[in-house]
Amino acid sequence: MARYIGLHTLPGFTREALAAATPMLGTTKGATFMRAYSGFRDGKVVCEFDAASKDAVAQAYKELGFPYDEIVEVEAICDAGEQGVSTRYT
């Protein structure tokens, strides 16, 4: 499995819309939802998935009826952990 992020521009996206979508995020086949970051004022959302391919994430979005701008495979993750900031390559 690889990690992917979905980039979304959703003008007018609200807390209520997020609350309505949240239960469906765990129901996708072939792509496992990990987390989402939402900026309501800017209408931007970044979603993180584990999946076998970019196509699997695209299919999950199709099942959800959720539009996206782009799906990107993650190649490196920089994280702040107990040992300080580090980078790991996927």
Side-chain angles (χ1 to χ4, degrees):
M1 293 288 223
R3 186 73 48 98
Y4 293 89
I5 55 171
L7 306 173
H8 311 268
T9 302
L10 302 167
F13 193 62
T14 63
R15 292 173 187 265
E16 294 78 17
L18 177 60
T22 297
M24 297 183 296
L25 293 170
T27 66
T28 59
K29 308 277 189 293
T32 302
F33 174 78
M34 304 299 293
R35 69 186 50 84
Y37 302 94
S38 300
F40 300 111
R41 281 188 297 268
D42 295 324
K44 298 290 187 178
V45 178
V46 176
C47 294
E48 186 177 348
F49 282 88
D50 273 340
S53 68
K54 187 186 284 193
D55 289 339
V57 178
Q59 180 60 37
Y61 283 133
K62 183 177 178 181
E63 291 171 18
L64 294 167
F66 203 72
Y68 61 89
D69 299 327
E70 188 175 6
I71 298 168
V72 178
E73 184 173 357
V74 174
E75 296 175 327
I77 299 171
C78 297
D79 241 340
E82 292 178 16
Q83 304 294 321
V85 177
S86 65
T87 298
R88 62 187 160 94
Y89 298 93
T90 59

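Along the sequence shown, residues are numbered consecutively beginning with 1. Please read these numbers as outputs of a predicted model, since none were measured by experiment.
Across Val46 and Leu7, no two heavy atoms sit closer than the pair CG2-CD2, 4.0 Å.
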Could you pull out every donor-acceptor pair under 3.5 Å between side chains of residues 11-21 and any protein atom, sequence neighbours left out?
from, atom 1, to, atom 2, distance (Å)
Thr14, OG1, Glu16, N, 3.4
Thr14, OG1, Glu16, OE1, 3.3
Thr14, OG1, Ala17, N, 3.0

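For Asp42, the side chain to side chain donor-acceptor pair (under 3.5 Å) criterion is met by no residue, not counting sequence neighbours. In this structure Ala56 satisfies the side-chain contact (heavy atoms from CB on, under 4.5 Å) test together with Ala51, Ser53, sequence neighbours excluded. For Tyr61, the ring-ring contact (aromatic ring centres under 6.0 Å, His included) partners at least two apart in sequence or on another chain are His8, Phe49, Tyr68. In this structure, the salt bridge (charged side-chain N to carboxylate O under 4.0 Å, His left out) partners of Asp50, at least two apart in sequence or on a different chain, are Arg3. Residues that satisfy the side chain to side chain donor-acceptor pair (under 3.5 Å) test with Lys44, not counting sequence neighbours, are Thr9.
Clustering of Ile, Leu, Val, Met, Phe, Trp and Tyr by side-chain heavy atoms under 4.5 Å joins Tyr89 with none of the others.
For residues 26-38, the side-chain hydrogen bond (donor to acceptor under 3.5 Å, both in side chains) pairs, not counting sequence neighbours, are Arg35-Glu48. A side-chain hydrogen bond (donor to acceptor under 3.5 Å, both in side chains) check over residues 75-84, counting only residues at least two apart or in different chains, returns nothing. Counting only residues at least two apart or on different chains, no salt bridge (charged side-chain N to carboxylate O under 4.0 Å, His left out) pair has a member in residues 54-66.
In this structure, CD1 in Ile77 is found 4.0 Å from CZ in Arg88, a value given to the nearest 0.5 Å.
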